[in-house]
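One structure is given here, and the rest of the page talks about it.
Scope of the values below: all heavy atoms of this structure, side chains included, with no hydrogens, waters or symmetry mates. We count ligands from 1, going down the list as the structure has it; atoms in each ligand are counted the same way.
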Amino acid sequence: MDRQPGVSVRLKLTLTYAGFLMVAGLLLLAAVWLFLLRYVPDRAMLYNPDDRPNGVFPVRSALLEVFAPRAAAVLAFLLVFGLVGGWLLAGRMLAPLTRITDATRLTNHGSLSHRIRLPGRRDEFRELADAFDAMLARLEAHVAEQQRFAANASHELRTPLAISKTLLDVARDDPHADTGELVERLHAVNARAIDLTEALLLLSHANQRSFVREPVDLSLLAEEATETLLPLAEKHGVTIETDGDLALTSGSPALLLQLTTNLVHNAIVHNLPDHGTVRVCTGVRGETVVLTVENTGERLTPELAATLTEPFQRGTERIHADHAGVGLGLAIIKTITQAHGGTLTLTPRAAGGIHITVALPAVVP
Ligand SMILES: Nc1ncnc2c1ncn2[C@@H]1O[C@H](COP(=O)(O)OP(=O)(O)OP(=O)(O)O)[C@@H](O)[C@H]1O
Ligand SMILES: [Mg+2]
């Protein structure tokens, strides 16, 4: 904001301090003067040594003559003392503010790594500085995460494009190449690029939290997702069990269906090669409704499980080699859950596979 130049806070504090000191001084002098008026007579009779009256002496005016210059001197001293003392005191008090302002300027110029780290015991300025430092740390982490995400997304998007280019180069150099096969492979690569772009768009849409909320029953979504994915489950030799109690929450039906589909899809494709099982349950737990999806599969360490929700993070070995995911499924699940004010918990099962719980705020029907 463009502001008109104004009086500095240090000067204002100095003037206020000196002003108060002057007022206090004036009040004190006025009190002294009132006391004198009350107890000192206006004039006094003067007597000669032989007790003969010798005129009237104006006591008060004489006193005033002596009092006034001294009072003025005291006031002048108080003024100078107030101004100098106030200036020094205000400077000392406001010094932390200068450090905070400098740090803010640095941040404004793009340096997010700078911290104020104001020493000393807790007070209002220390609290402000600490809050500012905490905000900077969060901002820095967030920016780093965004940069990592953008770099990963670009890298992932480049892969299908680079593959297409290679395929086209090879076809151009070989005029007798099988165009049918080329078209088939280009089609597959293109489909993957579209999947990736759609996942990215979905992620950004869920992040914006700009959806309309309406009552949604998670058990119906679970049923719908399971039904849609049944052919895939059959193809992978996986059996799905569902156990759905009414679980009413409020949110976007489309996004919550996406979340459920991603969960069940993962449970099918990251399962055992044969005879895998998936259990999908919904229900109410106190103030929340929960959707749990549990599946058999490879053993996972808790450390690995903790990283799986990061974008483009894929697990170790791929059991079903034909499924080459983009690694955004769980990131989308996490973002949708958070956008609905819920929590996502991943717990590796001792026997292998994973147990995933999505808890969302319950809505009373
Ligand atoms: N239900 C599950 N059981 C076992 N491992 C899982 C499960 N869900 C996810 N994973 C592991 O977490 C990784 C990340 O999952 P995520 O859904 O984010 O990506 P993806 O499935 O590889 O790709 P896509 O974006 O196509 O879903 C997977 O590669 C897999 O290793
Ligand atoms: Mg997935």
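At least one N, O or S atom of N266 sits under 2.8 Å from the Mg ion (ligand 2).
The N/O atoms of I354, backbone and side chain alike, include none that comes under 3.5 Å of an N/O atom in ligand 1. Considering backbone and side-chain atoms together, L328 places an N or O closer than 3.5 Å to an N or O of ligand 1. Where the criterion is an N or O separation shorter than 3.5 Å, residue side chain and backbone included, G329 meets it with respect to ligand 1. Checking only distances, L330 does come within under 3.5 Å of ligand 1, N or O to N or O.
For the pairing with L186, the side chain to side chain contact (heavy atoms under 4.5 Å, CB included) check across V183, L182, N190 returns one residue only, L182. Just one of L360, T357, L259, I356 meets the side chain to side chain contact (heavy atoms under 4.5 Å, CB included) condition when paired with L344; it is I356.
Those atoms of ligand 1 with a heavy atom of Q313 less than 4.0 angstrom away are 13 (C), 14 (C). Counting atoms of ligand 1 from 1 in the listed order, those under 4.0 Å from a heavy atom of A267 are 1 (N).
Using a 4.0 Å cutoff on heavy atoms, G327 counts as a contact of ligand 1. The closest approach between any non-hydrogen atom of G353 and ligand 1 is not below 4.0 Å.
Donor-acceptor pairing under 3.5 Å is lacking for the side chains of E156 and N152. Between the side chains of N271 and T296, at least one donor N or O lies within less than 3.5 Å of an accepting N or O.
In summary, D195 and R192 do not engage in a salt bridge, as defined by a charged side-chain N under 4.0 Å from a carboxylate O.
Aromatic ring centroids of F211 and H340 lie under 6.0 Å apart.
Looking at R279, its side chain never comes within 3.5 Å of a backbone N or O of N295 through a donor-acceptor pair.
Residue contacts with ligand 1, taken as heavy atom pairs separated by less than 4.0 Å, do not involve E298 at all. Looking at N266 against ligand 1, both its backbone and its side chain come within 4.0 Å, counting heavy atoms.
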